[in-house]
Protein chains: 2
Amino acid sequence: MAEAGTKTPRERYRTQVRAEIKKHAWEQLATTGASALSLNGIAKQMGMSGPALYRYYASRDELITELVRDAYRSLADTLAAAATTGADLGVLAHTLRAWGLEDPQRYLLIYGTPVPGYQAPEDITLISAETMAILLDACSALPTDSSATPFDAHLADHRDWADGHPAPPAVLRRALSFWTRLHGVLSLELAGHFAGMGFDPALLFAAELDELLAH
Amino acid sequence: MAEAGTKTPRERYRTQVRAEIKKHAWEQLATTGASALSLNGIAKQMGMSGPALYRYYASRDELITELVRDAYRSLADTLAAAATTGADLGVLAHTLRAWGLEDPQRYLLIYGTPVPGYQAPEDITLISAETMAILLDACSALPTDSSATPFDAHLADHRDWADGHPAPPAVLRRALSFWTRLHGVLSLELAGHFAGMGFDPALLFAAELDELLAH
DNA sequence: AAGATTTAGTTAGAGGCTATCACGAACCTT
DNA sequence: AAGGTTCGTGATAGCCTCTAACTAAATCTT
């Protein structure tokens with residue numbers, strides 16, 4: 001395995017440079033936001049001239065797409081790791097919030113303002129489906145004491161997104177609520193909308209989570 | 001009044017050009033997103049050379065800030081108009097969603113990804129407070145049958161953001177839930193995250209709203 | 001080991017953008 | 001009609017993305 005994984009020196013150098021480029025890209029993203037991310041700037045930080053980066057990323061768009069992919073991957077892996085250690089929905093929620101706080105711009109790269117024309121490559125939507133599966137599993141573990149709503153009936157007929165997951169409609173609905181509500185509090189916190197308001201965002205998050213788990 | 005409002009012809013021309021610039025800016029925003037908004041492009045659309053626009057807006061940032069201000073203003077006015085015609089929380093929620101769907105990028109200009117360093121001018125935060133006041137009024141009209149939570153106690157001590165509004169903590173909490181939950185569903189819909197999922201976003205929104213009003 | 005080939009990095013440059021400046025032209029005031 | 005103010009222009013600096021041609025180095029082949 002140590003032999004199979006070790007490619008030619010050139011390939012190793014290449015992947016290492018690509019990694020270093022991404023490292024600087026994440027720094028720029030965190031400090032200046034995605035719209036100000038500059039290949040030229042990264043090149044200068046790495047001590048080489050602008051066009052050199054185009055050996056590693058065909059375009060600025062391709063680099064950003066890879067950042068998006070890595071963000072989805074990181075989120076899916078983080079939640080999966082928590083889930084395999086027996087985390088329930090509550091722990092999963094706090095794992096999500098911690099992941100978001102770790103790098104708000106990374107969260108917003110996924111869930112923030114999209115570029116109107118942009119369509120993510122299919123492999124990224126697959127990672128997104130992984131995350132959804134983790135969420136559905138966790139929701140299945142909870143008792144479904146709530147009664148069936150009209151929306152449940154709609155979901156029973158429109159469950160393609162569950163991708164074969166055997167969860168009943170009530171569980172699908174709980175998963176959607178979980179997703180949308182936590183995103184609601186978390187995204188507003190990460191975007192700074194609670195900044196001057198005085199209360200503790202962590203407590204609001206916990207309160208929303210409590211109410212989510214109580215029903 | 002018709003005389004007081006009519007300034008000098010030059011001033012009228014000036015405000016009219018500024019309005020035309022903004023009109024094109026909104027179009028660009030809707031089609032290409034805020035990051036691709038270009039003063040140069042707007043100038044060409046208007047049949048004049050690039051630097052001419054700097055007579056009307058000192059910088060690209062200033063134009064965007066004005067778009068942000070107008071977006072906040074439009075949202076506040078839209079909700080206020082609904083509220084004065086006796087709209088309850090449910091109607092207010094659908095008014096919010098309709099406003100968002102009318103121009104998703106306008107909604108995301110307020111609630112989407114912020115640029116890290118940016119701090120909105122104070123008059124914008126005041127408009128935001130207006131919106132919050134409308135929300136608090138509407139929440140006050142509802143019966144507060146829910147019991148006091150630990151978070152209520154925290155809110156009782158951190159209610160600066162309510163800006164003198166006499167609503168009790170339970171109402172504050174309901175207003176926050178209203179805001180964060182509706183933003184959760186709506187922002188995900190506007191950002192296109194429900195796109196390939198099959199279900200009807202309107203029904204999910206309505207379901208979330210129902211649950212919000214039921215407790 | 002020597003030559004052939006692939007690859008990394010360079011500079012130059014086209015075309016876009018924001019933004020400043022100096023200049024002429026239009027306009028309103030007096 | 002003379003004055004100052006304002007508008008729009010072209011020129012320019014300094015960013016940016018991205019392409020192209022070229023050099024130098026590392027790797028592969030024989």
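Naming: A, B, ... by sequence-line order, numbering from 1 per chain.
- B:Glu102 and B:Arg106 are joined by a salt bridge, as a carboxylate oxygen and a charged side-chain nitrogen come within less than 4.0 angstrom of each other.
- Nearest heavy atoms, A:Pro116 versus B:Ala30: CG-O, 4.1 Å.
- In this structure, A:Tyr54 atom OH and D:dT17 atom P are separated by 5 Å, rounded to whole Å.
- Figure legend: cation-pi geometry between B:Arg18 and B:Tyr57, with NZ or CZ positioned under 6.0 Å from the six-membered ring centre and within 45° of its axis.
- Computed from coordinates, the A:Glu11 CD to C:dT6 P distance equals 15 Å when rounded to whole Å.
- Proximity of B:His183 to B:Leu96: side-chain heavy atoms (C-beta onward) are nowhere separated by under 4.5 Å.
- Taking all atoms of both residues into account, the shortest heavy-atom contact from B:Leu29 to B:Gln105 is O-CG, 3.4 Å.
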Output, in order, the C-alpha distance, side-chain angles, deciding distance and verdict of salt bridge (Lys or Arg N to Asp or Glu O under 4.0 Å) for B:Glu211 and A:Arg181. CA-CA 12 Å; B:Glu211 204 161 322; A:Arg181 289 192 200 176; 3.1 Å; yes

Give the intermediate values and the outcome of side-chain hydrogen bond (donor to acceptor under 3.5 Å, both in side chains) for residues B:Tyr118 and B:Thr65. CA-CA 10 Å; B:Tyr118 183 78; B:Thr65 295; 2.9 Å; yes

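- B:Arg14 has its CZ atom 9 Å from the P atom of D:dT6, to the nearest Å.
- A:Ser49 comes within 4.0 angstrom of a nucleotide base, judged by non-hydrogen atoms across all strands.
- In this entry the distance linking CD of A:Glu62 with P of D:dC18 reads 10 Å, nearest Å.
- Between the P atom of C:dT7 and the CZ atom of A:Arg12 lies a distance of 18 Å, rounded to the nearest Å.
- Taking every heavy atom of residues 15-31 of chain A and every atom of DNA chain D, no pair lies under 4.0 Å.
- Contacts of B:Tyr56 with the nucleic acid, taken as non-hydrogen atoms under 4.0 Å apart, involve only primed sugar atoms and P, OP1 or OP2.
- Between B:Phe199 and A:His154, the distance separating the two ring centers is not shorter than 6.0 angstrom.
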Spell out protein contact along nucleotides 20-30 of chain D as letters: B when the base is contacted, S when just the sugar-phosphate is, - when no protein heavy atom is under 4.0 Å; keep the 5' to 3' order. ------BS---

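- Across residues 35-47 of chain A, not one residue has a non-hydrogen atom less than 4.0 Å from an atom of DNA chain C.
- Going from atom CE of B:Met48 over to atom C1' of D:dC7 covers 9 Å, rounded to whole Å.
- Whole-Å rounding puts the B:Leu63 CG to C:dT18 P distance at 10 Å.
- B:Tyr111 and A:Thr113 form no side-chain donor-acceptor contact under 3.5 Å, judged by distance and modelled atom types alone.
- In this structure, the OH atom of A:Tyr57 is 13 Å from the P atom of C:dA8, given to the nearest Å.
- Looking at B:Glu208 and A:Ser177, their side chains do bring a donor and an acceptor atom within 3.5 Å of each other.
- No side-chain heavy atom of A:Asp160 sits less than 4.5 Å from a side-chain heavy atom of B:Met197.
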